[in-house]
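Throughout, protein chains are lettered first and strands after them, A, B, ... in sequence-line order, and every chain is numbered starting at 1. In this text the structure is predicted, and so the values were computed from the model without any measurement.
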2 protein chains.
Amino acid sequence: MRIQRAGAAGSRVQKLVSRTGLQPVPRPGAFGPSAASRDEASQEKLAAALDQILVGDCIDSLRGLPEASVDLVFADPPYNLQLEGGLTRPDQSEVDAVDDDWDKFASFADYDRFTRDWLTAARRAMKPDATLFVIGSYHNIFRVGAILQDLGFWILNDIVWRKANPMPNFRGRRFTNAHETLIWASRSANAKGYTFNYDALKAGNEDCQPRSDWFFPICTGAERLKDDNGRKTHPTQKPEALLARAIMAASKPGDVVLDPFFGTGTTGAVAKRLGRHFIGCERDPDYIRAARARIAAVEPLPGAAVHTPVAKRQEKRVAFASLVEAGMIAAGSELHDEKKRWRVVVRADGAVALGDIVGSIHKIGALAQGLPACNGWTFWRCVEGGKSICIDDLRARYRATAPGED
Amino acid sequence: MRIQRAGAAGSRVQKLVSRTGLQPVPRPGAFGPSAASRDEASQEKLAAALDQILVGDCIDSLRGLPEASVDLVFADPPYNLQLEGGLTRPDQSEVDAVDDDWDKFASFADYDRFTRDWLTAARRAMKPDATLFVIGSYHNIFRVGAILQDLGFWILNDIVWRKANPMPNFRGRRFTNAHETLIWASRSANAKGYTFNYDALKAGNEDCQPRSDWFFPICTGAERLKDDNGRKTHPTQKPEALLARAIMAASKPGDVVLDPFFGTGTTGAVAKRLGRHFIGCERDPDYIRAARARIAAVEPLPGAAVHTPVAKRQEKRVAFASLVEAGMIAAGSELHDEKKRWRVVVRADGAVALGDIVGSIHKIGALAQGLPACNGWTFWRCVEGGKSICIDDLRARYRATAPGED
DNA sequence: GTAGCGGATGAATCTCCCT
DNA sequence: CAGGGAGATTCATCCGCTA
């Protein structure tokens with residue numbers, strides 16, 4: 001089975017390499033060897049890299065790959081986080097920040113240059129109909145996206161990975177940074193033959209079209225690689241479920257998936273499991289060692305089982321603010337308890353005000369009764385059509401009318 | 001009520017305009033009128049624009065506003081380059097040497113220049129601690145984000161508006177484009193005093209801190225403005241709920257909210273409803289007409305539904321010594337932590353003594369636990385009427401009984 | 001065995017005022 | 001304007017220990 005797949009990939013490569021002559025990609029040496037011997041050399045180079053980790057600087061490694069040889073790129077480049085000073089949790093423990101040298105850049109200009117270089121090298125290695133995923137955060141993704149466009153990539157989607165369990169914002173000065181962004185792009189605007197397994201994705205999504213917002217937990221537990229001291233091997237290991245959705249969506253079994261920032265090899269492990277080939281670039285020996293052991297332990301799934309995994313359905317949690325925002329309860333209107341001993345004003349932000357005191361429906365309910373806790377949903381009522389109804393009924397109505405929310 | 005709020009805003013503006021002289025914002029005319037007459041003129045200019053739609057090109061209008069005069073910007077800029085008649089011709093000197101389609105790159109350069117211009121003009125009009133929201137899709141948001149960073153804005157969050165009911169992808173060649181992206185940014189990295197109504201947002205969200213992924217339906221039904229023929233007045237009208245969350249999160253009642261691309265005035269309508277002032281820029285007479293009628297019909301919410309509750313960190317500071325002086329805690333008595341692992345003696349000067357070591361409730365609490373810091377108010381407890389109570393409760397009692405002290 | 005509790009932790013651009 | 005001190009601030013999940 002394994003050998004069969006390798007053979008299938010080989011013939012596909014051959015076909016595409018012979019197409020390469022038609023590509024308007026500038027070649028470094030204009031008077032090099034003949035096209036035939038170039039193709040032969042390319043196949044050998046590709047075969048040598050297949051299912052391997054190329055050790056060293058990723059831009060050098062990418063330039064060493066044959067042109068137009070990979071079907072999909074998944075890249076998780078440094079984010080250029082620009083962290084200064086430490087951060088402690090409210091319990092005074094320290095957050096283990098990403099302070100690795102590989103994430104440090106002197107300026108935006110430096111980061112832009114680096115981004116242009118690796119994207120250019122990756123684009124050269126992509127087949128005409130290959131696509132590319134890049135993942136990032138607000139620190140870097142806007143620069144990556146703009147440079148992608150400048151280089152001629154064509155953005156197909158931006159995709160949001162919503163995290164089930166992000167790290168909270170400990171100082172309460174921003175919104176919790178609860179997502180990361182992926183950009184999915186084809187090599188050029190006129191590349192129309194890219195792979196997108198629409199029907200399989202739709203079938204795996206309760207027959208709903210796959211959306212641009214994905215919901216996964218972060219990588220923890222047994223999946224998270226640890227070193228001998230029990231510390232995480234890599235600071236930014238991505239969940240396999242995320243890679244699996246990207247690879248299942250945009251590649252076929254036997255395809256070659258390239259990861260220029262291989263790290264501990266999540267892309268390689270998932271590619272192997274899903275019956276794809278991988279090529280990884282990595283320079284850190286510790287990461288490489290961990291990745292090799294990890295991938296060696298992966299058993300490819302049987303072909304029939306290579307289906308799109310579906311995110312677990314979460315119990316839908318409704319914020320009171322959602323009901324206000326949806327207009328089901330008017331901002332400025334009043335809530336009361338069953339015996340109408342207390343009245344509170346509904347605020348536009350979804351909090352409620354008891355006199356001057358502002359808080360959640362639960363906190364204010366508890367405060368009013370002098371109790372340590374209170375379920376505001378069942379305690380408070382509002383007036384609708386002249387009748388007093390419990391706001392929990394409105395919550396049920398909201399749940400029924402707002403499908404799709406996790 | 002309306003007039004009262006306007007008055008409050010006026011005094012706030014006056015205070016900030018007088019601060020403007022300290023701002024390192026470059027001024028176009030170096031030998032203009034005196035600072036005093038400039039301030040006076042600025043106030044007049046601002047008052048004239050308040051709750052108005054400035055008709056014409058938004059960059060001209062923004063440049064006409066006084067410097068450092070607005071508290072919040074919400075911008076929904078265009079991204080369809082072909083429809084943007086106001087764009088200037090491409091500047092060849094800015095074009096990077098890439099092997100790219102000239103026309104496409106020229107369009108990006110045009111769009112970048114337009115973006116730089118309006119962002120620069122908006123930034124000039126922002127108070128030092130003002131923040132800005134920009135909303136966009138993958139067509140433009142990466143360029144906007146990169147330029148924001150280049151201009152010195154400091155990104156606080158990227159926020160995802162997940163649509164409950166996005167337009168499906170009919171051809172099945174991409175993921176359904178089910179979200180748009182907002183960038184929330186402060187005027188500069190060192191602007192730490194921006195408004196973020198964390199407590200109220202948390203209270204409205206089941207007492208969980210607000211996240212960077214928001215979920216709203218798109219603007220449909222009665223909220224969607226239609227012209228006499230039943231066609232939608234504006235192609236990209238945003239839902240009021242989206243604006244409400246942004247405005248509630250990042251501004252206070254009486255603040256000035258600026259929208260450089262006012263369209264049919266969603267920002268103005270929501271700002272008015274939430275007791276904020278607005279300034280809009282728009283050049284299309286049809287949009288302006290629709291926006292004016294729409295805003296005129298808006299009834300502001302009562303103050304209790306929108307006022308900003310005092311955050312904990314903004315509450316009046318109380319010295320522990322004050323509690324001792326007031327006799328709420330006896331000098332010579334003991335404090336203990338919850339598990340009674342440590343005991344300290346209260347001194348008459350408001351310090352506490354752990355054995356021989358004397359220091360503040362915070363310093364001694366940190367020292368006892370071997371931690372770098374400690375909030376002594378929540379850590380230490382005292383005995384009152386035979387029961388152990390937290391000294392933070394005493395502080396609350398002190399605050400309630402000594403309201404006039406400054 | 002298991003339910004419950006305490007501790008640890010995750011790509012984070014995370015305070016504010018006074019001297 | 002830099003430094004120092006007061007004091008405000010967290011959610012979901014996993015793991016290991018105890019009852």
Please determine, for the side chain of [X], which listed nucleotide ([options]) has the closest atom?
X        : options                : result
A:Asn169 : C:dC14, C:dA11, D:dC11 : C:dC14
B:Arg313 : C:dA11, D:dC11, C:dC16 : C:dC16
A:Asp103 : C:dC16, C:dA11, D:dT13 : C:dA11
B:Arg317 : C:dA11, C:dT15, C:dC17 : C:dC17
A:Arg171 : C:dA12, D:dT9, C:dG10  : D:dT9
A:Phe170 : C:dC17, C:dG10, D:dT13 : C:dG10
A:Asn165 : D:dT10, C:dT15, D:dT13 : D:dT13
A:Gln92  : D:dT9, D:dG7, C:dA11   : D:dT9

At 4.0 Å (heavy atoms only), tell me whether [X] reaches a base, stays on the sugar-phosphate, or touches nothing.
X        : value
A:Ala222 : sugar-phosphate
B:Thr378 : nothing
A:Trp161 : nothing
A:Pro166 : base
A:Pro77  : base
A:Gln82  : base

Just to confirm, is there a sub-4.0 Å distance from OP1 or OP2 of [N] to any side-chain nitrogen or oxygen of [X]?
X        : N      : answer
B:Tyr194 : C:dC16 : no
A:Arg173 : C:dT15 : no
A:Arg224 : D:dC14 : no
B:Lys363 : D:dA6  : yes
A:Ser137 : C:dA11 : no

Rounded to whole angstrom units, what separation is found between the [atom1] atom of [X] and the [atom2] atom of [N]?
X        : N      : atom1 : atom2 : answer
A:Glu94  : C:dG7  : CD    : P     : 19 Å
B:Asn205 : D:dA12 : CG    : C1'   : 14 Å
A:Asp101 : C:dA11 : CG    : P     : 19 Å
A:Asn140 : C:dA11 : CG    : P     : 14 Å
A:Asn177 : D:dA12 : CG    : C1'   : 16 Å
B:Leu371 : D:dT9  : CG    : P     : 18 Å
A:Lys232 : D:dC15 : NZ    : C1'   : 16 Å
B:Asp129 : C:dC16 : CG    : P     : 9 Å

Closer than 4.0 angstrom, basic N to acidic O: yes or no for [X] and [Y]?
X        : Y        : answer
B:Asp349 : B:Arg347 : yes
A:Glu240 : A:Arg294 : yes
A:Arg162 : A:Asp213 : no

Between A:Asp103 and A:Leu81, is there a donor-acceptor pair closer than 3.5 Å when you use the side chain of the first and the backbone of the second?
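Looks like yes, one N/O pair under 3.5 Å.
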For A:Ile361 and B:Glu206, what are the C-alpha separation, side-chain angles and deciding distance, and is it a side-chain contact (heavy atoms from CB on, under 4.5 Å)?
CA-CA 8 Å; A:Ile361 49 173; B:Glu206 294 286 281; 4.3 Å; yes
With a 3.5 Å limit on both atom pairs, tell me what [N] is paired to, counting Watson-Crick and G-U wobble, or say none.
N      : answer
D:dG16 : C:dC5
C:dA11 : none
D:dG5  : C:dC16

When rounded to the nearest Å, what value does the distance between [atom1] atoms of [N] and [M] take?
N      : M      : atom1 : value
C:dG7  : D:dT10 : C1'   : 14 Å
C:dC14 : D:dA6  : P     : 23 Å
C:dG1  : D:dC17 : C1'   : 15 Å

Could you verify whether a donor N or O on one side chain and an acceptor N or O on the other, from B:Lys252 and B:Thr308, lie under 3.5 Å apart?
no
Does A:Gly85 or A:Asp91 map to a spot on DNA chain C nearer the 5' end, using the closest nucleotide for each?
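The residue closer to the strand's 5' end, by nearest nucleotide, is A:Asp91.
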So which one's nearest nucleotide on DNA chain C is more toward 5', A:Ala97 or B:Lys339?
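The residue closer to the strand's 5' end, by nearest nucleotide, is B:Lys339.
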When only distance counts, do a donor and an acceptor, one from the side chain of A:Lys238 and one from the base of C:dA11, lie under 3.5 Å apart?
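Counting by modelled atom types and ignoring angles, a donor-acceptor contact under 3.5 Å is found here.
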Spell out yes or no: do the side chain of B:Arg395 and the base of D:dG7 have one donor N/O and one acceptor N/O closer than 3.5 Å?
no
Let's go through B:Phe196 and B:Trp184 carefully: what are the C-alpha distance in whole Å and the side-chain angles of both, what is the deciding distance for ring-ring contact (aromatic ring centres under 6.0 Å, His included) to 0.1 Å, and is it a yes or a no?
CA-CA 11 Å; B:Phe196 182 55; B:Trp184 184 42; 5.4 Å; yes
Ring centers of A:Trp102, A:Phe261 separated by less than 6.0 Å
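Judged by ring-centre distance (under 6.0 Å), A:Trp102 and A:Phe261 do not meet the cut-off.
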